[in-house]
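Let me begin by presenting the structure, written as structure tokens, before commenting on it.
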Amino acid sequence: MAILIIGILCFGIITVALIWCGYRGYYFPMVVKRSTPGICRVACVGDSITYGFGIDNWFAYHYPRILQLLLGNQYYVVNFGLSGSTGMSSTKMSYRKFPHFRRSLRFQPDVLVIMFGSNDANLLNWQGNTQFLSEYRDLLLTYKSLHSNPEIFVMAPPLIHGNGKEYDIFNSNLSTI
């Protein structure tokens, strides 16, 4: 019985700490009803850059969190980023194969901020510019077909410092996107 009480207390403390630190629901997005007047729902979708992989003090500094702070209380921004994922559906790490994709669709965003391409440009994934653009377009059309009809902002992937050889991501592939 004591272990159960300690477990419940620990869960409560962790939940409060995550909310206090600005955790915006990487796995557990808070529910904002579609009918909530004046609240614009923003979904940030993408790879490790969106997720904020490797950022010190992740809770405070991943870009969807910064976007939430800049936009204010009339917006609800959720980070649906997934490290290692690709925009192409034909790769092993396709974003569409993971729960993050389904969650981002259920979220029914009013605005979608999306950025893929870095992992797509990896030598193991790269299938050419035509293939990438075709599969990325299909992904964007999936979001555009949501009932919420989101406004979509597509961000270009950044070039990799040092040409990305340590990640097998080459700027020559990125520059064609």
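Thr50 and Val45 get closest at one heavy-atom pair: OG1-O, 3.6 Å. Residues Ile49 and Ser118 share a closest heavy-atom pair of CD1-OG, 3.6 Å. Nearest heavy-atom pair across Gly87 and Leu139 is O-CD2, 4.0 Å. The two residues Pro150 and Pro109 come nearest to each other via the heavy atoms CB-O, 3.3 Å. When all heavy atoms of Met115 and Met155 are compared, the pair lying nearest together is CG-O, 3.3 Å. Across all non-hydrogen atoms, the minimal contact from Gly52 to His62 is CA-CB, 4.0 Å.
Ring planes of Tyr136 and Phe116: perpendicular class, angle over 60° (limits at 30 and 60°).
Of the possible donor and acceptor atoms, none in the side chain of Asp120 sits under 3.5 Å from a partner among the backbone N and O of Thr86. Using a distance-only test at 3.5 Å, with no hydrogens or angles considered, no donor-acceptor pair links the side chain of Ser48 to the main chain of Gly84. Trp58 places a side-chain N or O within 3.5 Å of a backbone atom of Tyr51 that can act as its donor or acceptor partner.
Taking CD of Gln68 as the reference point, atom CG of Asn73 lies at 7.5 Å (rounded to 0.5 Å). With values rounded to the nearest 0.5 angstrom, Lys97 atom NZ is found 12.0 Å from Arg102 atom CZ. Separation of atoms CG (Leu146) and CG (Asn149) is listed at 8.5 Å; rounding is to 0.5 Å. The CG atom of Asp47 lies 10.0 Å from the CD1 atom of Ile114; values are rounded to the nearest 0.5 Å. One distance of note links NE2 of His100 with OH of Tyr95; it measures 6.5 Å at 0.5 Å rounding.
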> Cys44 and Leu67: side-chain contact (heavy atoms from CB on, under 4.5 Å), yes or no, with the steps?
Replying inline: CA-CA 10 Å; Cys44 296; Leu67 185 59; 4.0 Å; yes
>> Run the side-chain contact (heavy atoms from CB on, under 4.5 Å) test on Met93 and Asn125 for me, step by step, so that the C-alpha distance in whole Å, both residues' side-chain angles and the decisive distance to 0.1 Å come before the verdict.
In response: CA-CA 9 Å; Met93 285 297 293; Asn125 299 323; 5.7 Å; no
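The shortest side-chain heavy-atom distance between Thr142 and Arg96 falls under the 4.5 Å cut-off. By the 4.5 Å heavy-atom criterion applied to side chains, Thr91 and Gln127 are counted as neighbours. In this structure, the side chains of Gln131 and Ser134 stay at 4.5 Å or more apart for every pair of heavy atoms. Considering only heavy atoms from C-beta on, Leu82 stays 4.5 Å or farther from Phe80 through its side chain.
Between the side chains of Tyr143 and Ser104, at least one donor N or O sits under 3.5 Å from an acceptor N or O.
Heavy-atom neighbours of Tyr61 OH from other residues, nucleotides or ligands within 6.0 Å: at or below the threshold of 12. Around the CG atom of Asn57, the shell of radius 6.0 Å holds more than 12 heavy atoms that belong to other residues, nucleotides or ligands.
Hydrophobic clustering (side-chain heavy atoms under 4.5 Å, transitive across Ile, Leu, Val, Met, Phe, Trp, Tyr) groups Val77 together with Val111. Put simply, Leu112 and Ile39 are part of the same group of oily side chains (I, L, V, M, F, W, Y) that touch within less than 4.5 Å, one to the next. Hydrophobic cluster membership differs between Leu69 and Tyr75, with clusters built from Ile, Leu, Val, Met, Phe, Trp and Tyr side chains linked at under 4.5 angstrom. Phe153 and Ile66 are members of different hydrophobic clusters when ILVMFWY side chains are connected at heavy-atom separations under 4.5 Å. Grouping the Ile, Leu, Val, Met, Phe, Trp and Tyr side chains by contacts below 4.5 angstrom, directly or via other members, places Val113 with Leu71.
For Arg41 and Phe107, the positive end sits near the middle of the six-membered ring, less than 6.0 Å away and at most 45° from its axis.
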